[in-house]
Amino acid sequence: KLDNPQDKLKFIHIAGTNGKGSVCSYISSILKHSNMTVGMFTSPFVTCFNERFQVNGEYITDCDLCDITASVKATLDKMGDDYKIPQFGLVTIIGFVYFLKKQCDVVVLEVGLGGRTDPTNVISTPLCSVITQIGLDHTDRLGDNIGQIAFEKGGIIKAGGKTVLYPNQDEQVVNVIRSLSIQSESKFIIPRADRLECVKCNLTGATFDYFGEEYEISIAGNCQVYNAVTAIETIKAVFPKIPVDTVKKG
């Protein structure tokens with residue numbers, strides 16, 4: 001009824017247990033510094049509900065949020081009681097409508113829960129499917145072992161796309177995601193940990209060398225270095241012409 005706004009947008013789709021928000025932020029910032037109009041859809045929020053919908057780092061305004069929500073509600077009301085959509089599904093629809101209104105060049109789309117059956121997975125093949133660090137989470141919904149959980153997260157991998165997997169994963173996770181990529185004829189990419197060296201890591205952030213280039217991030221934690229190289233490999237896979245200096249700035 002809303003004419004499938006998601007089919008008119010391009011996405012980088014991100015699933016995983018840990019680090020989704022950080023990887024979303026890194027990728028969005030790099031693309032913003034490449035002079036693109038970049039939507040970012042994340043959940044839950046930290047400061048306010050509007051935070052879930054960002055364009056080039058700016059939260060959706062109250063006016064836009066109210067107008068789009070009212071429009072979506074009016075459409076659903078006309079469809080009747082047979083269409084009961086959960087809250088996160090409604091939030092996802094609002095995001096699609098908003099990002100199309102803002103004419104985003106790319107939307108960095110974070111999965112809500114799992115991947116395979118998540119409302120965000122209504123999109124067709126994204127520019128890239130990104131899988132961050134996977135651990136045991138939501139075992140009541142996703143499975144009681146890491147292989148089952150990896151399978152659910154890997155459900156965002158689609159035919160003919162590209163897949164980037166966070167390094168330093170459990171071997172079972174790597175095998176599952178690689179297998180899903182092969183089945184979908186999706187190019188499988190995993191950052192080269194052997195070409196990564198942490199130069200400095202403290203409470204103010206980290207400096208690291210990756211393939212001979214030095215990068216600096218302002219978030220603490222060794223895992224953030226791995227998140228950053230996951231973002232770097234995603235950019236290289238989707239937008240190989242973005243200069244390395246722009247990636248560093250982002």
Side-chain angles (χ1 to χ4, degrees), residues 11-36 38 40 42 46 54 56-57 105-106 108-111 126-135 146 150 153-154 156-157 161-178 180-181 186-250:
F11 296 95
I12 294 175
H13 204 186
I14 300 178
T17 303
N18 301 310
K20 294 192 298 294
S22 296
V23 174
C24 283
S25 294
Y26 290 137
I27 292 172
S28 297
S29 183
I30 293 167
L31 296 178
K32 175 186 173 183
H33 281 85
S34 303
N35 297 317
M36 296 185 193
V38 187
M40 185 170 75
T42 58
V46 177
Q54 299 182 37
N56 285 357
D105 298 309
V106 182
V108 181
L109 183 69
E110 180 185 343
V111 165
L127 298 173
C128 191
S129 301
V130 183
I131 312 294
T132 67
Q133 186 181 41
I134 291 180
I146 202 162
K153 307 282 188 184
I156 68 168
I157 297 169
K162 297 180 175 71
T163 302
V164 174
L165 176 65
Y166 175 100
N168 197 28
Q169 298 269 16
D170 185 284
E171 185 178 357
Q172 193 175 359
V173 169
V174 177
N175 291 338
V176 168
I177 300 302
R178 180 187 287 115
L180 290 171
S181 299
S186 175
K187 183 178 180 182
F188 177 73
I189 301 160
I190 186 165
R192 290 275 301 274
D194 61 321
R195 300 301 302 272
L196 173 64
E197 179 185 358
C198 190
V199 178
K200 179 187 71 174
C201 187
N202 55 37
L203 292 176
T204 63
T207 302
F208 63 92
D209 185 288
Y210 189 57
F211 278 94
E213 296 286 350
E214 190 167 276
Y215 300 85
E216 186 174 352
I217 55 176
S218 57
I219 310 178
N222 289 328
C223 61
Q224 289 298 341
V225 174
Y226 289 119
N227 287 334
V229 296
T230 302
I232 291 168
E233 288 294 351
T234 301
I235 294 297
K236 286 167 62 177
V238 180
F239 299 105
K241 293 185 179 180
I242 291 180
V244 67
D245 286 346
T246 303
V247 176
K248 291 179 180 181
K249 186 182 293 185

Any non-hydrogen side-chain atom of [X] less than 4.5 Å from a side-chain atom of [Y]?
X: V173; Y: Y166; answer: no
X: P167; Y: V229; answer: yes
X: T17; Y: K153; answer: yes
X: L31; Y: I12; answer: yes
X: N175; Y: Q172; answer: no

(message) Counting only heavy atoms not in K249 (residues, nucleotides, ligands), do more than 12 fall under 6.0 Å from its NZ?
(response) no

(request) Give a yes or no on this: more than 12 heavy atoms of other residues, nucleotides or ligands lie within 6.0 Å of atom OH of Y26. (result) yes

(request) Please step through side chain to side chain contact (heavy atoms under 4.5 Å, CB included) for the pair I235 and I27, ending with a clear verdict. (result) CA-CA 7 Å; I235 294 297; I27 292 172; 4.1 Å; yes

To the nearest 0.5 Å, how far apart are [atom1] in [X] and [atom2] in [Y]?
X: I242; Y: I232; atom1: CD1; atom2: CD1; value: 12.0 Å
X: I190; Y: N168; atom1: CD1; atom2: CG; value: 9.0 Å
X: D105; Y: K32; atom1: CG; atom2: NZ; value: 14.0 Å
X: I219; Y: L203; atom1: CD1; atom2: CG; value: 13.5 Å
X: N56; Y: M40; atom1: CG; atom2: CE; value: 10.5 Å
X: I14; Y: K20; atom1: CD1; atom2: NZ; value: 9.5 Å

Sidechain-backbone polar pair: [X] side chain, [Y] backbone, donor-acceptor under 3.5 Å:
X: S29; Y: G250; answer: yes
X: S218; Y: G205; answer: no
X: K200; Y: T207; answer: no

So which heavy atom on [X] is nearest to which on [Y], and how close?
X: T246; Y: H33; result: CG2-O, 3.6 Å
X: G212; Y: D209; result: N-OD1, 3.1 Å
X: E233; Y: Y210; result: OE2-OH, 2.6 Å
X: I217; Y: V225; result: CD1-N, 3.9 Å
X: C198; Y: N222; result: SG-OD1, 4.5 Å
X: Q169; Y: Q133; result: NE2-CA, 3.4 Å

(request) Taking side-chain contact (heavy atoms from CB on, under 4.5 Å) as the test, write out the residues that go with S186, two or more places apart. (result) I157, T163, S181, S184

(request) Carefully, step by step, assess I156 and I131 under the rule side chain to side chain contact (heavy atoms under 4.5 Å, CB included). (result) CA-CA 9 Å; I156 68 168; I131 312 294; 3.9 Å; yes

(request) Run the numbers on F239 and V106 for side chain to side chain contact (heavy atoms under 4.5 Å, CB included), then give the verdict. (result) CA-CA 11 Å; F239 299 105; V106 182; 3.7 Å; yes

(request) Using the side chain to side chain contact (heavy atoms under 4.5 Å, CB included) rule, take I134 and D170 through it: C-alpha gap first, then chi angles, then the decisive distance, then the call. (result) CA-CA 8 Å; I134 291 180; D170 185 284; over 6 Å; no

